[in-house]
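For ligands, and for the atoms within them, numbers begin at 1 and follow the listed sequence. Remember, predicted model here, so these are calculated numbers, not experimental data.
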Amino acid sequence: MTQNTVWQNVLEYVRQSITEVEYHTWFEKIQPLGVVNGSLELGVPTSFFKGWIEDHYAELLTEALARLGAQAPRFELKVIPGKPVQEDIFSASTPNKPQEARARLNPKYIFENFVVGQNNNLAHAAAVAVAESPGNAYNPLFIYGGVGLGKTHLMHAVGHSVAQRFPDKKIEYVSTETFTNELINAIREDRMSEFRDRYRSVDLLLVDDIQFIAGKERTQEEFFHTFNALYEARKQIILSSDRPPKDILTLEARLRSRFEWGLITDIQPPDLETRVAILKMNSEYRNMRVPEEVLEYIARQITSNIRELEGALMRVIAYASLNGVQLSKAVAIKALSDVFAATESGLAPEEILKAVAEHYNLRPEEIRGAGRRKEVVIPRQIAMYLIREMTHASLPEIGQFFDGRDHTTVLYAIQKIQESLDTEPNLQQTLKSIRERLR
Ligand SMILES: Nc1ncnc2c1ncn2[C@@H]1O[C@H](COP(=O)(O)OP(=O)(O)OP(=O)(O)O)[C@@H](O)[C@H]1O
């Protein structure tokens, strides 16, 4: 199981550095075989495939292993003809066929894997009630809370549970971003009735990150009608958000009041015991035995984001396996040393954004916002680049920070700056003086 943990970490890194097409073409077909003497062994379907990976991605793979703390990062490709596509927990969240409702649900996000603590027990109880009697308990169910605290997990858990209990019910999970993009495409391609049929014919609609609907008038209009159609037909709606409806600015009053019709429940950051329990559950899920002292060390370091908490555990497991050492607190401290060193040196994305804004004589909101003028686009790209360089924020987190942009937008911005750095000496000077402001 360790190899899966290592591989998932590597994949996460790789995915941020290449296009989705490359990722699906090459990396989804690789199967982790094991870590042998510190070298990660990977199974590939053909020798052509092997050669391609060696020629094009060797450096990236080595870099990913080094980032995981491998002292001597090495991997070996073995041709295993006819090997099926690796089953990985991330692949379930990306298929395009809309009707395959369950396919959009992450298999890990079930009630059994959700640790209930004081921070989330009300949200959990409400989700269970809704799963038992969709459309009748609380409609809509509105779950809000900070980043990485389990909102999506709970929504998916309801989806899995309803799918199991009521196999004929149609379930749709969608992020607000996807809903918006699909709406735009439907309008452009003259497929609005298809779009409406699809969303208005479901029995359970799960919409993630609804706060991003703010300011999008056409999306709000369409969602309003979808909401009404489903509500009147007593179909269940669950919404997640990083804030309660009253704090979503520029949300039409009629939508806000609808969001408040059912039950609004929040998820708070977990306490220490709950964090340890989550880590324990996670290691059991991966069939790993991790000493209590390691779990506790990690749980004490990371307090407010469960995704980061899990990421740290994975990193420690990967580090131990790649370096051939037993899991212990000392190893955990080493494995996480650079993670914590960087957060202690402690620049927050806000500070970096502020420095960029000051440099350009702009307001931070102008850079963060939707403006497309060149005067704000370049500072925005620079801010994204520097946040990536100076913090441990992931591409999706940076995207979220910049008013919910997609991680591909962030990746594009970073690549753009990297390319320009070679050709534009002025840009190097700009970056230098912004970095100096941050000293
Ligand atoms: N109570 C919990 N028990 C076990 N795992 C949890 C719990 N809460 C969150 N997690 C795990 O933490 C990770 C992040 O959770 P999730 O994606 O649901 O957060 P979120 O609140 O939707 O975040 P975002 O605001 O970024 O959308 C997931 O891997 C999830 O399984």
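Within 4.0 Å of ligand 1, protein heavy atoms come from K108, Y109, N113, F114, V115, N120, G146, V147, G148, L149, G150, K151, T152, H153, D209, I278, M281, I306, R307, E310.
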Listed pairs under 3.5 Å, donor-acceptor, residues 128-137 side chains, sequence neighbours left out:
from : atom 1 : to   : atom 2 : distance (Å)
S133 : OG     : N136 : ND2    : 3.2
N136 : OD1    : R234 : NH2    : 3.0

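Side-chain atoms of R243 never come within 3.5 Å of backbone atoms of I248 as a donor-acceptor pair (strictly under, hydrogens ignored).
Judged as a ring pair (Phe, Tyr, Trp, His ring centres under 6.0 Å), and not counting sequence neighbours, the contacts of H124 are F111, F114. Contacts of K246 classified as salt bridge (Lys or Arg N to Asp or Glu O under 4.0 Å), with partners at least two apart in sequence or in another chain: none.
Taken from CG in L386 to CZ in R435, the straight-line distance is 5.5 Å, to the nearest 0.5 Å.
A cation-pi arrangement is absent between R258 and Y231, since the terminal nitrogen or guanidinium carbon is not both under 6.0 Å from the aromatic centre and inside a 45° cone about the axis.
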